[in-house]
Protein chains: 2
Amino acid sequence: MEDGTSKAQSYCEGTGDYDVRQWDQREDCEVRQILDRVADKWSLLVIALLDRRTMRFSELRREIDGVSQRMLTVTLRHLERDGLIRRTVYPVVPPRVEYTLTPLGETLHEVIKSLVDWTEAHQQEIARARSEYDARTEAEQRIAVGS
Amino acid sequence: MEDGTSKAQSYCEGTGDYDVRQWDQREDCEVRQILDRVADKWSLLVIALLDRRTMRFSELRREIDGVSQRMLTVTLRHLERDGLIRRTVYPVVPPRVEYTLTPLGETLHEVIKSLVDWTEAHQQEIARARSEYDARTEAEQRIAVGS
DNA sequence: CTGAATCCGATCAGATACTG
DNA sequence: CAGTATCTGATCGGATTCAG
């Protein structure tokens with residue numbers, strides 16, 4: 001079955017204030033788990049797509065292209081378990097399954113959007129930093145080797 | 001060396017508007033790479049810690065506890081390459097290396113904070129969704145097996 | 001102290017085959 | 001159509017060792 005997180009877990013009670021050491025540090029911290037889900041390769045994309053409209057499995061699969069059937073299934077199950085999306089099965093033949101963002105999922109999408117906006121806004125800056133870093137380390141390589 | 005991303009890469013030019021299909025879809029998209037970095041298990045924590053003050057390698061290692069030396073090194077290299085943190089080496093013996101958040105890193109921290117805030121705010125809600133999901137699927141299991 | 005390099009087990013994820 | 005199950009190569013990350 002390959003379940004991601006075990007079921008019985010002490011979820012660290014937040015004190016309310018913003019203490020770094022509170023929101024990670026331990027595997028059994030809820031926040032870390034949620035962050036991992038958000039961090040997931042396909043989750044972001046699925047959420048963004050579903051924010052626009054309800055979609056079927058095959059639609060998602062076609063739209064995302066690059067995702068394997070297996071990984072899409074796993075991703076959807078995780079998101080459903082976390083209450084971020086809702087899965088509706090229509091008892092017809094052939095089967096019809098629709099996925100929708102829940103209200104909770106919609107609020108998450110807002111946050112995700114700000115993250116994506118940030119990356120878009122700073123793309124160039126990061127690209128520049130990278131090439132500078134690479135140039136620097138390459139130069140050091142040549143020195144180390146002795147040219 | 002185990003480099004994360006290759007160096008020569010066509011970074012997809014954003015059109016400016018918020019189009020889902022623009023910010024992922026292809027491995028060679030900058031945004032996807034940046035998202036992956038943010039998604040990284042330790043990156044978030046490192047950034048959050050450095051936002052408070054400059055820290056040395058061993059300090060970070062002690063503070064994070066759970067991270068291996070190897071992964072901390074890898075994480076720091078990635079963040080440095082992306083221009084999110086600055087690494088300063090003091091030529092003394094024993095060596096002293098300090099890590100600081102760059103201005104770019106500081107702006108990212110703001111965004112991260114909103115993400116963390118979201119997870120904290122909805123912890124309970126997600127926990128509830130999970131146990132409901134688990135109860136539901138367990139029940140289905142029993143039916144399938146036939147009790 | 002701050003790493004880099006290597007080894008190696010654990011986990012992940014793609015491909016394939018099968019099912020209601 | 002919408003999955004599940006299995007196999008397997010690829011990748012990740014911890015432990016260990018060595019070095020400036």
Side-chain angles (χ1 to χ4, degrees), chain A residues 1-6 27 32-33 36-37 39-43 45-46 50 54-81 85-100 137-138 140-141 143-146, chain B residues 1-6 27 32-33 36-37 39-43 45-46 54-81 85-100 137 140-141 143-146:
Chain A
M1 176 48 89
E2 181 185 19
D3 66 333
T5 52
S6 69
E27 209 62 22
R32 180 66 260 174
Q33 292 178 29
D36 281 343
R37 183 93 341 122
D40 194 68
K41 178 165 186 177
W42 306 111
S43 290
L45 193 49
V46 168
L50 290 183
T54 295
M55 292 180 83
R56 300 182 57 175
F57 185 87
S58 50
E59 284 181 311
L60 284 168
R61 178 150 198 219
R62 230 176 308 114
E63 206 72 56
I64 297 183
D65 124 318
V67 71
S68 66
Q69 186 182 44
R70 179 184 138 79
M71 287 319 292
L72 180 56
T73 302
V74 171
T75 301
L76 290 170
R77 288 295 171 280
H78 282 162
L79 292 174
E80 185 193 1
R81 186 167 113 97
I85 65 175
R86 178 170 36 255
R87 177 169 175 270
T88 313
V89 183
Y90 296 94
V92 296
V93 43
R96 176 186 186 87
V97 180
E98 287 186 351
Y99 292 92
T100 322
T137 50
E138 263 182 47
E140 285 166 12
Q141 273 299 316
I143 294 170
V145 173
Chain B
M1 175 48 90
E2 181 183 17
D3 66 333
T5 52
S6 69
E27 209 64 22
R32 179 67 257 174
Q33 293 178 30
D36 281 342
R37 183 93 340 123
D40 195 67
K41 178 164 185 176
W42 306 111
S43 291
L45 193 49
V46 168
T54 295
M55 293 180 83
R56 300 182 55 176
F57 184 87
S58 50
E59 283 181 311
L60 284 168
R61 184 153 153 69
R62 232 177 305 114
E63 206 72 55
I64 297 184
D65 125 316
V67 71
S68 66
Q69 186 183 45
R70 179 182 138 78
M71 287 320 292
L72 181 55
T73 302
V74 171
T75 300
L76 290 170
R77 287 297 169 278
H78 282 161
L79 292 175
E80 186 194 0
R81 186 167 114 95
I85 66 175
R86 178 170 35 256
R87 177 169 173 270
T88 313
V89 184
Y90 295 93
V92 296
V93 44
R96 175 186 186 86
V97 180
E98 286 187 352
Y99 292 93
T100 322
T137 51
E140 285 167 11
Q141 273 299 317
I143 293 170
V145 173

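Lettering of chains follows the sequences in order, A, B, ..., and the numbering in each one begins at 1. For the numbers below, each heavy atom of this structure counts, side chains included, while hydrogens, waters and symmetry mates do not.
Straight-line distance from the CE atom of A/Met71 to the C1' atom of D/dG9: 15 Å, rounded to whole Å. Across the protein-nucleic acid pair, B/Arg77 atom CZ and D/dC12 atom C1' stand 19 Å apart, rounded to whole Å. Computed from coordinates, the A/Glu98 CD to D/dA2 P distance equals 9 Å when rounded to whole Å. In this structure, A/Arg37 atom CZ and C/dC12 atom C1' are separated by 14 Å, rounded to whole Å. In this structure, CE of A/Met55 is placed 15 Å from C1' of D/dA2, rounded to the nearest angstrom. Here C/dG3 presents its P atom at 13 Å from CZ of B/Arg96, a figure rounded to the nearest Å. For B/Leu72 and D/dG13, the CG to P distance is 13 Å, given to the nearest whole Å. Between the CZ atom of A/Arg70 and the P atom of C/dA15 there is a distance of 12 Å, rounded to whole Å.
A/Glu98 has a carboxylate O that lies under 4.0 Å from a charged side-chain N of A/Arg96, or vice versa, which qualifies the two as a salt bridge.
Nucleic acid contact class of B/Arg87 (heavy atoms, under 4.0 Å, all strands): sugar-phosphate only. Residue contacts for A/Arg61: at a heavy-atom cut-off of 4.0 Å it reaches no nucleic acid atom on any strand shown. Contacts of A/Tyr99 with the nucleic acid, taken as non-hydrogen atoms under 4.0 Å apart, involve only primed sugar atoms and P, OP1 or OP2.
Across all non-hydrogen atoms, the minimal contact from B/Glu59 to B/Arg56 is OE1-N, 2.7 Å. Here the shortest heavy-atom pairing between A/Ser43 and A/Arg37 reads OG-O, 3.2 Å.
Picking from C/dG3, D/dA2, D/dT4 the nucleotide with the shortest atom distance to the side chain of A/Val97 gives D/dA2. Side-chain proximity of A/Phe57 to C/dG14, D/dG3, C/dA4: nearest is D/dG3.
Using a 4.5 Å heavy-atom threshold, the side chains of A/Met55 and A/Tyr99 count as separate. Here the side chains of B/Val67 and B/Leu60 are not in contact, with every heavy-atom distance at 4.5 Å or above.
For the pair B/Ser58 and C/dT2, the criterion of a side-chain N or O lying under 4.0 Å from OP1 or OP2 is met. Proximity of B/Arg56 to the phosphate of C/dC1: no side-chain N or O atom is located under 4.0 Å from OP1 or OP2.
Residue side chain B/Gln69 reaches the base of C/dG3 through a donor-acceptor N/O pair under 3.5 Å, judged by distance alone.
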